[in-house]
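Since the structure comes first, as structure tokens, the remarks are kept for the end.
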Amino acid sequence: MAYQKIVSSGAVYKGKTGMWLYIFHRITGVALFGYLILHIISTALILLGPEVYEGAEAIYKNFYFRIAEIGLMAAILAHAINGLRIIAVDLWKRGSEFQKQLNIISLVLFIAIFIPSTYKMTTSYFDICLEKSQAGTTLTDCMIRPLPDWKSK
Amino acid sequence: MSTRTDWGRREPPLKGSNFELYGWFFMRISGLLLVLLAVGHMFIMHVFNDTLNLDYEFVAARWDTPYWRIFDWLLLTLSLLHGTNGLRVVLHDNLNDLTIRKLALSALYGTSLIFFILGTYVIIAFVSQS
Ligand code: HEM
């Protein structure tokens with residue numbers, strides 16, 4: 001394959017919001033790919049049977065990983081919604097006329113989906129933790145300890 | 001001085017292939033499908049269910065029907081292709097040394113292929129032990 005040298009026309013791109021969104025899209029895309037690879041590895045352990053799979057899953061059952069999962073949710077939602085915005089600008093005839101509006105719609109959509117998801121992921125963590133813990137366990141205990149005995153229903 | 005409107009334009013490459021055009025289009029089509037597959041997967045696993053309840057039986061029950069296996073395989077395949085093509089563009093943009101770039105691209109394609117084979121194998125070969 002021959003690589004061609006691309007000579008700059010001299011134009012300098014001085015984008016504002018669009019440039020930051022482009023950088024943001026790139027960072028979230030690369031991060032999601034890295035996560036995808038790790039996720040395939042940990043899911044593949046299912047072939048080695050329940051003990052190995054659940055032993056690996058147990059690593060994730062604490063509040064620090066819950067925060068990481070919320071971060072993952074933020075990354076995928078942001079990349080997906082911004083991806084839809086890019087598609088709208090590129091493929092919708094009048095997309096480029098409405099870039100400002102599309103930016104705002106994307107942000108509103110992100111907040112409208114991300115906040116309730118975070119709420120559910122947080123409250124559900126504490127509900128399950130308290131349910132599986134002895135009486136007297138506090139929310140702080142749930143935050144600093146791994147989930148106790150998560151296999152017992 | 002007249003306003004230039006041709007910033008960034010260049011001659012199309014001689015004997016050009018349309019690969020980059022199709023790649024550009026593929027990112028948009030796969031992106032649309034990934035909204036259903038990847039965002040759907042996140043909501044099913046993290047919002048409607050809680051990953052704290054994720055165990056061997058949960059996966060076995062899901063993969064009991066071919067439909068979820070097909071869903072998961074499409075998610076695996078499209079996200080690997082979309083991510084690999086995205087990273088290919090990132091590497092082209094950031095690596096100027098052609099030797100290093102070729103090495104990095106080979107590593108990327110090798111990794112993606114291995115994980116495509118591994119993931120496909122897991123989805124097809126899984127038989128519940130419980
Ligand atoms: C959930 C729905 C998704 C949508 C709508 C979407 C949309 C897009 C679009 C339209 C692009 C092209 C950007 C451009 O040409 O400038 C892109 C780039 C990219 N996407 Fe996605 N994507 C999604 C999910 C994912 C996932 C799951 C991954 C990880 C495997 C991923 C990784 C990437 C990467 C690495 C790039 C390249 C970034 C760049 O060139 O700057 N995307 N995405």
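Each chain gets a letter, A, B and so on, in the order its sequence line appears, and its residues count up from 1.
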Any chance you could measure [X], atom [atom1], to [Y], atom [atom2], to the nearest 0.5 Å?
X	Y	atom1	atom2	answer
N49(B)	S124(A)	CG	OG	9.5 Å
F48(B)	S117(A)	CZ	OG	8.5 Å
L47(A)	F126(B)	CG	CZ	7.5 Å
I41(A)	L118(B)	CD1	CG	8.0 Å
L52(B)	R66(A)	CG	CZ	4.5 Å

Inset, instruction - State which residues pass side-chain contact (heavy atoms from CB on, under 4.5 Å) with V89(B); sequence neighbours excluded, sorted by chain then number. - result: R26(A), D93(B)
Inset, instruction - Give a yes or no on whether F58(B) atom CZ has more than 12 heavy-atom contacts from other residues, nucleotides or ligands under 6.0 Å away. - result: yes
Legend entry - Q134(A) atom CD: more than 12 heavy-atom contacts under 6.0 Å: no
Inset, instruction - Among P116(A), A80(A), G49(A), single out the residue with the greatest number of heavy-atom pairs under 4.5 Å to chain B. - result: G49(A)
Contact between [X] and [Y] at the side-chain level, heavy atoms closer than 4.5 Å - yes or no?
X	Y	answer
T51(B)	Y60(A)	no
L84(A)	L32(B)	yes
I40(A)	V122(B)	no
V47(B)	Y119(A)	no
L36(A)	F115(B)	no
F43(B)	I113(A)	yes
E57(A)	Y56(B)	no
L72(A)	M42(B)	yes

Legend entry - chain A contact residues among residues 60-79 of chain B, heavy-atom distance under 4.5 Å: W63(B), L76(B), S79(B)
Legend entry - With D141(A) via salt bridge (Lys or Arg N to Asp or Glu O under 4.0 Å) - residues at least two apart: R145(A)
Using non-hydrogen atoms and a 4.5 Å limit, figure out which bit of [X] sits close to chain A: side chain, backbone, both or neither.
X	result
L108(B)	side chain
S112(B)	side chain
L87(B)	side chain
I114(B)	neither
V90(B)	both

Inset, instruction - Heavy-atom distances under 4.5 Å only: say whether I70(A) touches chain B with side chain, backbone, both or neither. - result: neither
Inset, instruction - Could you look at I128(A) and say if it's the side chain, the backbone, both or neither that has a heavy atom under 4.5 Å from chain B? - result: side chain
Inset, instruction - Could you tell me whether the side chain of Q129(B) and the main chain of P50(A) form a donor-acceptor pair under 3.5 Å? - result: no
Inset, instruction - Just grab all the side chain to side chain donor-acceptor pair (under 3.5 Å) pairs involving residues 18-47 of chain B, residues at least two apart or on different chains. - result: D90(A)-R28(B), E20(B)-R88(B), S30(B)-H82(B)
If Ile, Leu, Val, Met, Phe, Trp and Tyr residues are connected whenever their side-chain heavy atoms lie under 4.5 Å apart, and connections chain through other members, are [X] and [Y] in the same group?
X	Y	answer
I81(A)	V108(A)	no
I59(A)	L45(A)	no
F26(B)	F33(A)	yes
F116(B)	L34(B)	yes
I27(A)	Y22(A)	yes

Legend entry - Salt bridge flag under 4.0 Å for residues D55(B) and K61(A): no
Legend entry - Steps toward side chain to side chain contact (heavy atoms under 4.5 Å, CB included) verdict (M45(B), E69(A)): CA-CA 11 Å; M45(B) 295 306 207; E69(A) 285 175 349; over 6 Å; no
Inset, instruction - Look at L80(B), V35(B), T111(B) and state which one has the largest set of heavy-atom pairs under 4.5 Å with chain A. - result: L80(B)
